[in-house]
Every structure is written in C-alpha cells, then in structure tokens.
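Report on the following structure.
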Amino acid sequence: MHIPQASALRARNAVAAVFAINGFAFATWVARIPEAKSALGLTPGQLGTLLLALSVGSVIALPSAGVWVHRFGAARVVAVSAVVDAVGLAVAGAGAGVAGEVWLTAVGLFLLGFGSGTWDVAMNVEGAAVERQIERTIMPRFHAAFSLGTMVGAGVGATAAWLEASITTHLALSSVLVLLLPIVAVRSFLPPEAEEDEEQVEIGTRSAHPLRAWLEPRTLAIGLMVLAMALTEGVANDWLAVALVDGYDVPAWVGASGFALFVTAMTLGRLTGTVALDRFGRLPVLWACMGIAAAGILLVVFGHVATLVIVGILLWGVGASLGFPVGMSAAADDRRHAAARVSVVSTIGYTAFLAGPPVLGYLGDRVGVLNALLLVAVLLVPSAIVVPAARQQKESEPASL
C-alpha cells in the first residue's frame with residue numbers, strides 16, 4: 001500500500017524521534033556506570049555480571065518481538081516497550097543510588113533490557129517500512145538519531161556526574177521523558193492499513209511463520225556480522241568510560257565525556273555514511289568500518305597520550321557506526337519477511353550484549369579493563385568473512401548466501 005508523501009515524512013520524523021529516545025534511555029544508564037560500580041563496591045568481574053542482567057532482558061525479548069510486531073503493530077509495541085524501559089531505568093537508579101542494592105539494580109537493568117530489545121525490533125521494522133515508502137536509503141539516519149539520543153543522554157549524564165547529582169534522581173527524571181515522548185511519537189507511525197497489507201503479503205508465502213527465518217543461511221550470516229559490530233559498539237557503551245577511569249586514572253566525569261565523544265563520532269558516521277553507502281556499496285563500507293574500528297581500539301589501549309586516545313575514540317566511534325544499521329537494512333531487503341528477519345538478526349546481534357559484559361569483566365579482572373578492550377579488535381578479523389552476506393538482495397531472491 002502506498003501512502004501520501006506527507007504521511008510518510010511524518011512517519012519518518014516519528015521513527016527518528018523514537019530511535020533518539022531509545023538511545024537517550026540507554027545512555028542515561030551507561031553514563032553513570034562508573035559511579036554505580038563505585039557505589040555498589042563492585043569489581044570489574046562483578047560489574048560484568050550485573051550488566052549481564054540488561055543483556056539477558058534484551059535477548060529474552062528479541063526472539064518473540066517480531067511476532068508481537070506482526071500481531072499488534074509497531075506503534076503499540078514501541079509504546080508498551082517505552083513503559084517497561086522507563087520503569088527499568090527508574091528501578092536501576094534506585095538500586096544503584098538510594099537503596100544501594102545490587103539485586104534491585106539487576107531487576108531494573110533486566111526491565112531496561114527487555115524494553116529496549118523489544119523496542120529495537122519494532123522501531124527497525126517501522127524504519128524499514130518507511131524507507132520503502134520514501135524509496136531511498138535512510139536507515140543509517142535513523143540509527144544516527146539513536147546515536148544522537150545517546151549523545152544527549154551521555155552529555156546529561158556527564159553533567160550530572162560533574163555536579164555530583166544523585167543517580168537515583170537523575171535516572172528517575174529521565175524515565176519520565178522515556179515514558180511520555182514515545183507515546184506521542186508513535187501516533188505518526190505508518191497507518192495500520194499499510195502494515196496489514198504487508199502482513200498479508202507475508203502470510204501468503206511459504207515463509208509465513210516468523211521462526212522460519214532462523215533456517216535461512218543469508219539471514220544467519222548477516223546476524224553473525226551484526227554480532228561482531230554490535231560487540232564493537234556495545235563494549236564501548238558498557239566499558240569505555242570504566243576503562244578510561246580505571247586504565248588512565250581520570251575522574252568519572254572524564255570517563256563519561258569519553259563515552260560522549262564516542263557516541264558523537266558514531267552519530268556523525270551514521271549521518272554521513274549514506275553518502276559512502278550509495279557511492280561504494282555495502283561491502284566495501286563495512287570492511288572499511290571494521291578496519292577503522294580496530295585501529296581506534298588499538299589507539300585507545302596503547303595511546304597513553306590524551307591526543308592519541310581521543311583520536312582512537314573518534315575512530316572507534318566512526319568504525320562502529322554503520323554495522324548495525326546496514327545489517328538491519330540487509331535483513332529487511334525483502335519487505336515480505338522484514339519483521340521476521342530483523343528479529344532474527346537483532347537476536348543474534350544482541351548476543352554480543354549478553355556475552356560482552358561478563359567476558360570483558362572477567363578478562364578485566366586479570367589484565368585490566370583497558371587491555372581487555374583488545375578482544376574486540378581481535379574478533380573483528382574473522383567477522384569480515386561473512387560481510388558478503390549483506391549485499392543488496394532483490395525480493396525474488398532466496399535468503400541464501
């Protein structure tokens with residue numbers, strides 16, 4: 001179903017807003033991780049275990065998120081997920097702040113992860129649908145909006161840390177925005193009639209059941225590529241601020257500022273990446289991103305001089321910028337199976353957020369958090385092998401390599 005251009009543009013803006021709010025919610029917690037670690041008296045390994053609660057919530061939500069989007073529509077799923085996200089953010093803030101309880105913080109992070117994971121699939125499916133309506137590549141711009149939200153969240157978090165504001169108060173106030181803004185934004189999503197038409201197309205095919213996408217070689221290969229790029233992004237989200245504080249003995253606000261610099265670079269990479277994608281294609285851009293990210297990580301770990309570390313953070317952010325959005329676009333090439341395939345790729349990708357925190361934490365106990373970052377650079381090398389799966393697919397092609 002083709003809808004009026006004005007409606008498609010309103011939906012585009014609404015999707016961008018939803019991406020941004022999701023990023024803001026996530027970065028609000030991430031920016032205060034160093035202080036939560038200190039307040040709760042956690043070692044790097046114990047912090048990794050705590051962060052696992054967020055990842056578990058996401059991974060549990062993702063496999064069924066595509067089914068929920070099919071049944072209830074992206075708008076309703078985003079709205080409900082925002083409620084869960086907001087509650088989780090407030091509970092995590094209370095646990096790490098006023099209550100000082102690890103278990104309560106873990107409950108909040110689980111809810112935050114569950115809401116974010118479901119929200120992630122729904123907004124990517126809606127974004128892919130809007131991209132098809134507008135008939136030009138805009139998915140990286142949506143993910144740039146996510147990064148812009150993380151920039152704002154990280155900036156507010158760094159300021160709150162500098163002012164020594166309570167984690168509980170900061171996260172509680174932020175949760176109000178996370179609760180209310182998406183409920184307003186989803187009213188401008190694509191009309192239900194458009195979603196119903198696409199759902200009928202999918203139901204009429206042999207791959208009607210969303211779980212069939214788990215048997216498609218191309219979809220699984222894209223998922224593995226996204227896994228590596230999600231780890232590249234996720235490790236910076238969870239550990240960059242901590243690595244700077246522990247590895248270079250800088251104040252917490254400097255660590256939060258380093259994270260803010262990372263998401264700023266990632267945002268710029270996503271805003272300008274569409275030009276590179278249109279000119280060179282997906283595969284060369286993805287390979288270049290992997291090389292740039294690896295170089296950035298090496299500079300962060302071995303730079304020691306502030307200038308080199310800053311350059312490393314910038315390169316890391318740019319290198320991590322396009323892997324996830326390009327993977328989502330590749331999974332959604334065929335509109336008939338977009339929800340199912342995005343759900344599969346997101347689930348595989350979010351496994352990085354499940355394994356990353358504890359692995360980096362336990363490794364950090366032995367070699368230091370800063371040196372543990374090298375694991376990401378190493379894993380980028382074999383992941384380059386599966387990049388060809390992300391080439392543009394026509395709707396008539398099977399989901400094979």
* Would you say V245 and V254 make side-chain contact, with heavy atoms under 4.5 Å? -> no
Within a 6.0 Å radius of atom CH2 on W287, are there more than 12 heavy atoms belonging to other residues, nucleotides or ligands?
yes
Check whether any side-chain heavy atom of L47 sits under 4.5 Å from a side-chain heavy atom of L51, and report yes or no.
yes
request  = Give me the ring orientation class for F142 and F19: parallel if the planes are under 30° apart, tilted from 30 to 60°, perpendicular past 60°.
outcome  = parallel
dist S188:OG -> L9:CG (nearest 0.5 Å) comes out at 11.5 Å
Closest heavy-atom pair, L373 versus I297, reported as atoms and distance to 0.1 Å, is O-CG2, 3.5 Å
Rounded to the nearest 0.5 angstrom, the CG-CE distance for L261 and M266 is 11.5 Å
**Prompt:** Is there a donor-acceptor pair closer than 3.5 Å between any side-chain N or O of R32 and the backbone N or O of T168?
**Reply:** no
*Looking only at atom types and distance, does a side-chain atom of N124 sit under 3.5 Å from a main-chain N or O of M328, one as donor and one as acceptor?*
no
* Asked: Okay, side chain of S175, backbone of A172: is any donor-acceptor separation there less than 3.5 Å?
  -> yes
Between the OG atom in S174 and the CZ atom in F24, the distance rounded to the nearest 0.5 Å is 4.0 Å
In short, A390 meets L283 closest at the heavy-atom pair C-CD2, 4.2 Å
Q | Sub-4.5 Å side-chain heavy-atom contact between T118 and V77 | A | yes
Residue pairs passing the side-chain hydrogen bond (donor to acceptor under 3.5 Å, both in side chains) test with at least one member in residues 246-271, sequence neighbours excluded, are S147-R270, E233-R270
Are T232 and W316 close enough that some pair of their side-chain heavy atoms sits under 4.5 Å apart?
yes
All heavy atoms of E35 vs all of A252, minimum pair found to be CG-CB, 4.3 Å
Do the side chain of R366 and the main chain of Y362 share a donor and acceptor less than 3.5 angstrom apart?
yes
So OG1 of T274 and CZ of R279: to nearest 0.5 Å the spacing works out to 13.5 Å
(request) Using a 4.5 Å cut-off on heavy atoms from C-beta on, say whether the side chain of L54 contacts that of F110. (result) no
request  = Taking S383 for its side chain and L380 for its backbone only, find out whether a donor-acceptor pair lies under 3.5 Å.
outcome  = yes
Heavy-atom closest pair (G153 atom, A31 atom, distance to 0.1 Å) is O-CB, 4.3 Å
Correct closest heavy-atom pair for A11 and V130 would be CB-CG2, 3.9 Å
Is a side-chain donor or acceptor of R141 paired with a backbone partner of L271 at a separation under 3.5 angstrom? yes
Any sub-3.5 Å donor-acceptor pair from T169's side-chain atoms to A165's backbone N or O? no
Whether S321 side chain and V318 backbone form a donor-acceptor pair below 3.5 Å: yes
Report task. For side-chain contact (heavy atoms from CB on, under 4.5 Å), just list the numbers for V300 and I313, CA-CA rounded to whole Å, side-chain angles, deciding distance to a tenth of an Å, and then say yes or no. Result -> CA-CA 6 Å; V300 170; I313 293 173; 3.8 Å; yes
Taking the side chain as every heavy atom from C-beta outward, state whether V18 and F189 have any atom pair closer than 4.5 Å. yes
Do the side chains of L268 and L314 get nearer than 4.5 Å, heavy atoms only?
no
Requested in this report: Before giving the answer on side-chain contact (heavy atoms from CB on, under 4.5 Å), spell out for D120 and F324 the whole-Å C-alpha distance, their side-chain angles and the decisive distance to 0.1 Å.
Outcome: CA-CA 11 Å; D120 186 270; F324 207 96; 4.1 Å; yes
> So L315 and L299, side-chain contact (heavy atoms from CB on, under 4.5 Å) or not? Walk me through it.
Replying inline: CA-CA 9 Å; L315 290 176; L299 281 177; 3.9 Å; yes
query = Quick one: does E126's side chain have a donor or acceptor within less than 3.5 Å of a partner on L190's backbone?
reply = yes
Next on the checklist: A side-chain contact here means heavy atoms from C-beta on lying under 4.5 Å apart; do E101 and L40 qualify?
Outcome noted: no
Between A293 and A320 the two heavy atoms that sit nearest each other are CB-N, 4.3 Å
dist L112:CG -> T28:OG1 (nearest 0.5 Å) comes out at 9.0 Å
Before you tell me yes or no, could you show the steps for V344 and E216 under side-chain contact (heavy atoms from CB on, under 4.5 Å), namely the whole-Å CA-CA distance, both residues' side-chain angles and the distance that decides it to 0.1 Å?
CA-CA 10 Å; V344 170; E216 299 171 351; over 6 Å; no
Value for CZ (R391) from CG (L286), rounded to nearest 0.5 Å, stands at 14.0 Å
